[in-house]
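Reviewing the structure listed below.
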Amino acid sequence: MQTKDYSIFNPDYEKNPIDTFNYLRENDPIHFEKEINAYFASKYEDVEYILQNDEIFTTKTLAKRAEPVMKDRVLAQMTGHEHKSKKATILKGITGQNLERLMPLISKRVNDIIELYMDTGEMDLVNDFGKVFAVQSSMDLLGLNVEDHKIIGEWHHGIAKFITSFNLTEEEIKYSLECSDKLEQYLMPIIRERKNSTENDLISLLQQSKDDENSITDSEILALTLNILLAATEPVDKTLSYLFYNLLSDPEKFKQVYENRKLLKNSIQETLRLHSPVQFIPRELNETVDLKGTTLKKGDVIICMIGSANRDPKAYSNPDIFDIHRGEKNKPFTSHSQNLAFGKGAHTCVGASLSLIQLEMVANILLDKLDNIKLKENNQLIEKGLYTRGPEKMVVQFN
Ligand code: 2IO
């Protein structure tokens with residue numbers, strides 16, 4: 001019998017990686033991929049350890065993976081005082097009064113999009129709804145004109161592709177860099193215009209963050225603007241469509257959640273755990289370390305497999321089950337580790353709380369407005385992507 005080639009570049013992996021997750025966790029927890037000269041960590045405990053030790057496992061690898069299209073450093077590349085101050089500015093833009101300002105905009109965007117499909121009674125949650133909503137709501141954070149969402153969505157796709165791919169062709173690289181240039185040309189005049197702005201959009205807040213101790217250049221604001229655009233857009237359609245897939249493919253669970261909306265929070269966390277939209281988080285070794293018998297040297301790249309860690313049976317009982325009651329207190333025999341979908345440690349996603357609130361709001365509106373929502377028949381799940389991953393399409397019907 002021939003042994004299977006367990007590689008993330010095996011086409012079977014993209015179709016369904018679960019079998020490979022199980023194999024790697026048990027047999028090859030620090031797996032080496034020759035093709036890209038990088039290690040892959042698949043166990044919960046290792047991924048958690050790597051992400052919590054950011055001085056050993058640094059974010060320096062983003063200089064190659066992100067900077068060419070981001071034009072400068074993103075938040076995850078910063079450390080110390082600079083990281084703390086930029087993170088505080090971004091948090092200010094998405095919490096408290098600024099969150100309250102954003103919430104009605106979120107529901108407006110949702111309602112405006114579904115209005116277009118009310119008569120047809122059919123909508124693709126990924127392409128008709130999710131991708132459009134994702135770009136529009138990210139543009140609202142940045143105070144950009146949502147009328148331009150189509151072109152911004154195209155350019156976003158170009159830079160996202162660069163950051164979330166392996167082995168791009170020369171032509172693909174050229175396209176991504178062009179999208180990045182177009183975004184720069186679009187955003188730079190807006191960034192300059194807001195030098196003295198007193199508004200509360202994130203571009204204005206980044207401009208206002210300059211003081212005696214903190215400085216920021218326009219190019220640094222551009223990179224953080226692109227960072228926010230990408231991080232707030234890329235995972236949204238994926239998480240929303242997986243959430244509805246998980247609920248709609250099990251009528252009993254759907255009924256429970258529909259009737260008791262408090263269960264949505266848990267359903268969203270379970271969706272993020274089982275179908276983590278960001279599957280990979282790369283880190284670079286700053287010193288020699290031994291992990292599970294494999295010696296990693298300074299400069300080596302190790303990629304945390306979030307999807308695999310989140311299905312580790314050592315961290316979750318019945319890890320492959322979508323359990324809307326997982327994590328509830330006093331429930332016997334179910335562990336409830338915090339899932340790693342938003343990362344862990346110093347660089348945990350700053351948008352996590354906003355995204356959870358947003359997902360819950362959007363799901364509630366869709367459940368309220370789309371009567372008798374169901375998956376279109378024969379609508380089987382086709383998933384795409386290794387780094388970020390989501391359904392290719394998901395058509396729902398309603399009346
Ligand atoms: C933009 C991959 C969608 C982030 C990234 C270079 C840095 C960082 C992430 C997430 C999700 C994106 N990394 N967001 O994994 O800002």
Side-chain angles (χ1 to χ4, degrees), residues 38 40-41 47 50-51 54 57-79 82-83 86-87 89-91 93-94 130-131 134-135 137-138 141-142 152-153 155-166 168 176-177 179-180 183 187 202 206 220-240 242 272 275-284 301-310 339-356 358-359 384-390:
F40 284 76
V47 169
I50 292 165
L51 295 177
D54 56 296
F57 303 92
T58 73
T59 56
K60 288 194 179 117
T61 177
L62 292 178
K64 287 193 214 99
R65 183 163 281 284
E67 257 184 77
V69 289
M70 303 309 246
K71 313 261 185 200
D72 210 318
R73 290 164 310 136
V74 296
L75 188 65
Q77 285 169 282
M78 298 174 185
T79 56
E82 188 190 25
H83 180 246
K86 300 297 176 279
K87 188 171 147 180
T89 301
I90 294 169
L91 270 171
I94 58 177
K131 288 192 191 287
V135 175
S137 53
S138 301
L141 291 178
L142 295 162
I152 296 291
W155 294 334
H156 157 266
H157 179 72
I159 60 169
K161 190 156 179 191
F162 183 93
I163 290 176
T164 63
S165 297
F166 301 98
L168 288 175
S176 289
L177 294 174
C179 288
S180 166
L183 279 165
L187 290 166
L202 278 163
L206 286 165
E220 286 167 338
I221 294 181
L222 173 67
L224 289 175
T225 300
L226 293 174
N227 186 180
I228 293 160
L229 176 71
L230 181 71
T233 302
E234 181 66 12
V236 173
D237 61 293
K238 298 164 180 69
T239 314
L240 272 171
Y242 278 131
L272 287 164
H275 299 283
S276 310
V278 179
Q279 290 270 312
F280 292 158
I281 301 183
R283 289 294 185 257
E284 184 173 317
V301 171
I302 185 158
I303 296 177
C304 295
M305 298 179 74
I306 302 303
S308 170
N310 279 340
N339 84 65
L340 301 169
F342 290 114
K344 181 116 186 178
H347 296 293
T348 306
C349 177
V350 303
S353 68
L354 171 65
S355 94
L356 293 171
Q358 175 179 288
L359 286 162
K384 283 271 145 63
L386 303 177
Y387 197 115
T388 56
R389 179 172 179 80

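Start at 1 and go down the list; that is how both ligands and their atoms are numbered.
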**OP:** Over 60° means perpendicular and under 30° means parallel, so classify the ring planes of F166 and Y387, tilted if in between.
**Re:** tilted
Original post:
Taking only residues two or more places apart in sequence, or in another chain, which ones meet F162 in a ring-ring contact (aromatic ring centres under 6.0 Å, His included)?
Top reply: none
Original post:
Who are the side-chain contact (heavy atoms from CB on, under 4.5 Å) partners of S308, not counting sequence neighbours?
Top reply: F21, R25, S42, M305
Original post:
Are Q358 and S137 close enough, and set up right, to give a side-chain contact (heavy atoms from CB on, under 4.5 Å), and what steps lead you there?
Top reply: CA-CA 9 Å; Q358 175 179 288; S137 53; 3.9 Å; yes
Subject >> Donor-acceptor pair between T388 and E234 side chains, under 3.5 angstrom >> reply: yes
Between ligand 1 and the protein, tabulate every N or O atom pair separated by less than 3.5 Å, reporting distance only.
| from | atom 1 | to | atom 2 | distance (Å) |
| --- | --- | --- | --- | --- |
| ligand 1 | 16 (O) | N227 | ND2 | 2.8 |

Subject >> Partners passing side-chain contact (heavy atoms from CB on, under 4.5 Å) against H83 (at least two apart in sequence or in another chain) >> reply: L75, M78, K87, H347
